[in-house]
Amino acid sequence: MTRRLFQFRYRSAAHFIEVFRNWYGPVHKAFAALPPDGAEALERDLTALLERLDRAGPGALVVPSEYLEVVVSRR
């Protein structure tokens with residue numbers, strides 16, 4: 001097992017949300033399950049989170065994400 005770091009890179013928080021809302025099943029389903037005011041609140045909360053975690057500053061979005069890489073060898 002190895003801890004790894006992936007950098008999500010998007011044009012902005014809005015671009016990140018647009019991509020995940022359209023193409024990533026869990027986020028797509030979360031937005032689809034909410035009434036319009038709930039979807040707006042989720043988008044505001046995600047935007048605030050992404051902007052807080054952003055390491056790029058104005059004009060881009062870079063958000064680090066740690067994951068665990070597990071390699072299994074069959075013997």
Side-chain angles (χ1 to χ4, degrees):
M1 294 187 293
T2 306
R3 286 184 180 200
R4 302 275 188 197
L5 190 63
F6 179 79
Q7 303 290 335
F8 284 98
R9 297 175 186 274
Y10 289 88
R11 292 187 301 264
S12 63
H15 181 230
F16 179 102
I17 293 168
E18 175 189 346
V19 170
F20 273 72
R21 190 173 184 171
N22 290 318
W23 300 106
Y24 184 62
V27 175
H28 176 78
K29 287 184 181 242
F31 274 100
L34 293 170
D37 60 332
E40 290 172 10
L42 177 57
E43 186 169 348
R44 278 193 308 273
D45 289 348
L46 286 173
T47 299
L49 176 65
L50 291 166
E51 289 176 350
R52 183 172 53 87
L53 297 174
D54 182 23
R55 301 293 181 256
L61 178 79
V62 176
V63 176
S65 177
E66 187 176 24
Y67 66 97
L68 186 63
E69 178 183 64
V70 179
V71 178
V72 179
S73 299
R74 187 175 176 184
R75 293 182 179 184

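Just so it is clear, the model here is predicted, and its values are computed rather than measured.
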Could you tell me whether the side chain of V63 reaches within less than 4.5 Å of the side chain of Q7, counting heavy atoms only? no

Return the minimal non-hydrogen interatomic distance between V62 and R9, and the atom names on each side. CG2-NH1, 3.7 Å

Cluster question for you: counting only ILVMFWY and a side-chain heavy-atom cut-off of under 4.5 Å, with indirect links fine, are L5 and Y10 together? no

Please test L50 against D54 for side-chain contact (heavy atoms from CB on, under 4.5 Å), starting from the C-alpha separation and ending with a verdict. CA-CA 6 Å; L50 291 166; D54 182 23; over 6 Å; no

Test log, rule side-chain contact (heavy atoms from CB on, under 4.5 Å), inputs I17 and F31: CA-CA 10 Å; I17 293 168; F31 274 100; 4.2 Å; yes

Going by the angle between their ring planes, with limits at 30° and 60°, are F6 and F8 parallel, tilted or perpendicular? perpendicular

Hey, is NE2 on H15 packed in by over 12 heavy atoms from elsewhere, all under 6.0 Å? yes

Are L68 and V71 co-members of a hydrophobic cluster defined by side-chain heavy atoms under 4.5 Å apart? no

Rounded to the nearest 0.5 angstrom, the NE2-CZ distance for H28 and R21 is 9.5 Å

For A39 and L34 the tightest heavy-atom approach is N-CB, 3.7 Å

